[in-house]
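So you know, we letter chains A, B, ... as the sequences are listed, proteins then strands, and number each from 1.
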There are 2 protein chains.
Amino acid sequence: MKTDSLDAPPPEGLMLPVPGVDYGALEGLLGYALRRAQNALYLDFYRATAAWDMSPQRFAALVLIARNPGMRQGLLGQAMGLHRSGALRLTDWLTAQGWAERRDAPGDARTWGLHLTSAGKRRLVKLEAAVAAHDRALLAALGEQGPALKAGLERLAWAATAQSTAPDNKPRRRQPP
Amino acid sequence: MKTDSLDAPPPEGLMLPVPGVDYGALEGLLGYALRRAQNALYLDFYRATAAWDMSPQRFAALVLIARNPGMRQGLLGQAMGLHRSGALRLTDWLTAQGWAERRDAPGDARTWGLHLTSAGKRRLVKLEAAVAAHDRALLAALGEQGPALKAGLERLAWAATAQSTAPDNKPRRRQPP
DNA sequence: TATTGTTATACTCTATAACTATA
DNA sequence: TATAGTTATAGAGTATAACAATA
């Protein structure tokens with residue numbers, strides 16, 4: 001199951017409109033506008049977190065573990081839309097870098113409880129501040145329409161979910177060649 | 001240069017809020033809302049284009065080539081934020097699948113002119129209709145705030161670009177280990 | 001000397017499938 | 001029998017670097 005993805009390397013460059021190129025139907029698409037915005041946001045995220053070896057996904061995992069100490073690896077994957085194996089690799093990286101650690105979970109010997117290390121908690125404070133500043137600057141640039149945009153994105157996520165999970169719209173994965 | 005990316009496989013699952021999980025600072029971030037929306041939109045794009053072996057990126061390339069017949073491979077990459085080698089692979093796939101073809105470009109013997117094949121043009125009509133329907137349904141679900149959302153996304157892309165390319169904010173790529 | 005496209009290679013992210021241990 | 005996590009493997013997408021041909 002492969003294709004065009006959500007979590008990939010930071011883009012080589014910006015998807016800025018190139019003068020002289022006709023974008024045709026793309027200009028009118030909400031999906032394309034979303035893609036362009038995310039492309040730009042990703043690049044700015046990497047810039048804002050240059051002092052850490054961070055990615056939007058890793059950052060989200062750190063926040064989730066911080067706020068839900070002892071959470072299972074599988075639950076982390078579920079919250080992030082990842083397969084179990086993806087959650088494993090992500091957790092491996094976080095532990096290897098000293099951000100988090102696996103501890104025995106009470107009750108079920110099959111599972112780990114994920115926790116931030118002391119160093120991880122300490123480092124996360126500054127990292128969260130950097131991400132918050134990056135996000136705040138964007139929101140500020142949008143002026144009074146910022147909050148409406150965020151609300152709109154949340155509605156959009158909901159609408160797309162409803163549409164792709166509707167009973168007569170069978171979900172689909174990419175076909176093998 | 002690797003990490004978390006824009007074009008990767010369709011996500012395993014939706015990034016829906018999981019009951020009982022505390023999302024902490026993520027809930028307030030514009031960037032996280034954007035990510036969630038794109039996750040859902042990607043999944044719905046794949047559903048809507050199930051009759052083709054399509055991805056948002058491939059679709060964008062097809063539209064660009066259709067509207068700019070004879071465009072160079074490098075220009076395609078530039079418009080899509082891709083490295084030359086990425087544009088090459090993308091073009092290889094489009095030609096292998098019979099969507100497009102490389103023709104000699106007049107004037108410069110180093111470059112190709114990219115064109116849709118006749119079959120590609122024919123197939124693109126239905127594909128564009130399917131994508132447009134998918135996008136229109138989302139826009140409809142947003143009601144009268146749809147156009148504002150699209151405009152907001154365009155402003156957001158602009159703001160993030162301005163922020164990451166500001167003179168005192170040096171752009172950055174992920175560091176090697 | 002710079003640019004276009006190519007080749008070869010490597011890395012990251014993701015998924016699938018089979019396996020182990022536990023429930 | 002089902003679930004959590006693991007291991008091993010494969011595939012897609014992207015990038016880097018060196019190269020040839022052309023400008």
Side-chain angles (χ1 to χ4, degrees), chain A residues 1-13 15 39 42-43 46 53-58 60-61 70-78 80-96 102-114 173-177, chain B residues 1-13 15 39 42-43 46 53-58 60-61 71-78 80-97 102-114 173-177:
Chain A
M1 216 286 308
K2 297 314 132 51
T3 308
D4 227 24
S5 168
L6 211 59
D7 282 282
E12 158 87 359
M15 288 173 61
N39 166 271
Y42 262 61
L43 285 172
Y46 284 104
D53 191 14
M54 205 36 56
S55 74
Q57 189 184 52
R58 289 171 183 171
M71 82 187 297
R72 290 184 303 102
Q73 212 171 276
L75 183 60
L76 178 65
Q78 191 187 336
M80 301 188 59
L82 287 176
H83 188 266
R84 282 185 301 173
S85 61
L88 170 87
R89 277 191 51 132
L90 182 56
T91 306
D92 279 353
W93 187 89
L94 294 174
T95 56
R102 293 176 168 102
R103 297 188 199 152
D104 285 328
D108 192 331
R110 292 173 302 181
T111 75
W112 303 112
L114 300 180
R173 309 218 138 257
R174 185 112 173 275
Q175 298 311 314
Chain B
M1 218 286 307
K2 297 313 130 47
T3 307
D4 226 27
S5 164
L6 211 58
D7 282 283
E12 158 86 359
M15 289 174 60
N39 167 270
Y42 262 63
L43 286 171
Y46 284 104
D53 190 14
M54 205 37 56
S55 74
Q57 189 184 53
R58 289 172 184 171
M71 82 188 296
R72 289 185 303 100
Q73 213 172 273
L75 183 59
L76 178 66
Q78 191 187 336
M80 302 188 57
L82 286 176
H83 188 265
R84 282 184 300 172
S85 61
L88 170 89
R89 278 189 51 132
L90 182 56
T91 305
D92 280 351
W93 187 90
L94 294 174
T95 56
Q97 302 300 314
R102 294 175 167 102
R103 297 189 199 151
D104 284 328
D108 192 331
R110 291 173 302 182
T111 75
W112 302 113
L114 300 181
R173 310 218 136 258
R174 186 113 172 273
Q175 298 310 315

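Two residues are said to be in side-chain contact when any heavy atoms from C-beta on lie closer than 4.5 Å; A/R72 and A/D108 fail this criterion. A 4.5 Å side-chain heavy-atom check between A/S55 and A/Y46 finds at least one atom pair inside the cut-off.
Of all the heavy atoms in A/M15 and A/N39, the pair that sits closest is N-OD1, 3.0 Å. The two residues B/L90 and B/A61 come nearest to each other via the heavy atoms CD2-CB, 3.8 Å. Contact between B/Q73 and B/L88 at its shortest, heavy atoms only, is NE2-CA, 3.4 Å.
For the pair B/R84 and A/Q73, both in contact range of DNA chain D, the more 5′-proximal nearest nucleotide belongs to A/Q73.
Of the candidate nucleotides D/dA23, D/dT14, C/dT14, D/dA23 has the atom nearest to the side chain of B/A109. Looking at the side chain of A/W112, the nearest of the listed nucleotides C/dT22, D/dT6, D/dG13 is D/dT6. Minimum atom distance to the side chain of B/D108 is reached by D/dT22, of the listed D/dG13, D/dT16, D/dT22. Picking from C/dA23, D/dG5, C/dT4 the nucleotide with the shortest atom distance to the side chain of A/T111 gives D/dG5. When distances run from any side-chain atom of B/R89 to the nucleotides D/dT22, D/dG5, D/dA12, the shortest one goes to D/dA12.
Between A/L76 atom CG and C/dT14 atom P the separation is 12 Å, expressed in whole Å. If you measure from atom NE2 of B/H83 to atom C1' of C/dT12, you get 17 Å, rounded to the nearest angstrom. Atom-to-atom, CD of A/Q78 to P of C/dT14 comes out at 16 Å; the value is rounded to the nearest Å. With rounding to whole Å, A/L88 atom CG is found 14 Å from D/dA4 atom P. Rounded to an integer number of Å, the gap from CE of A/M15 to C1' of D/dT14 is 15 Å. Whole-Å rounding puts the B/M54 CE to D/dA12 P distance at 15 Å. Here C/dA15 presents its C1' atom at 15 Å from CG of A/L90, a figure rounded to the nearest Å. Taking atom CG of B/L82 as the reference point, atom P of D/dG13 lies 11 Å away to the nearest angstrom.
Within 4.0 Å of A/G107, counting heavy atoms only, lie sugar-phosphate atoms of the nucleic acid but no base atom. Across all strands, B/G74 comes closer than 4.0 Å only to sugar-phosphate atoms, never to a base (heavy-atom distances).
Applying the 3.5 Å distance criterion, the base of C/dG5 shares no donor-acceptor pair with the side chain of B/R110. With hydrogens and angles left out, the side chain of B/S85 and the base of D/dT16 share a donor-acceptor pair within 3.5 Å.
Phosphate contact (OP1/OP2 of D/dA12, side-chain N/O of B/Q57, threshold under 4.0 Å): absent.
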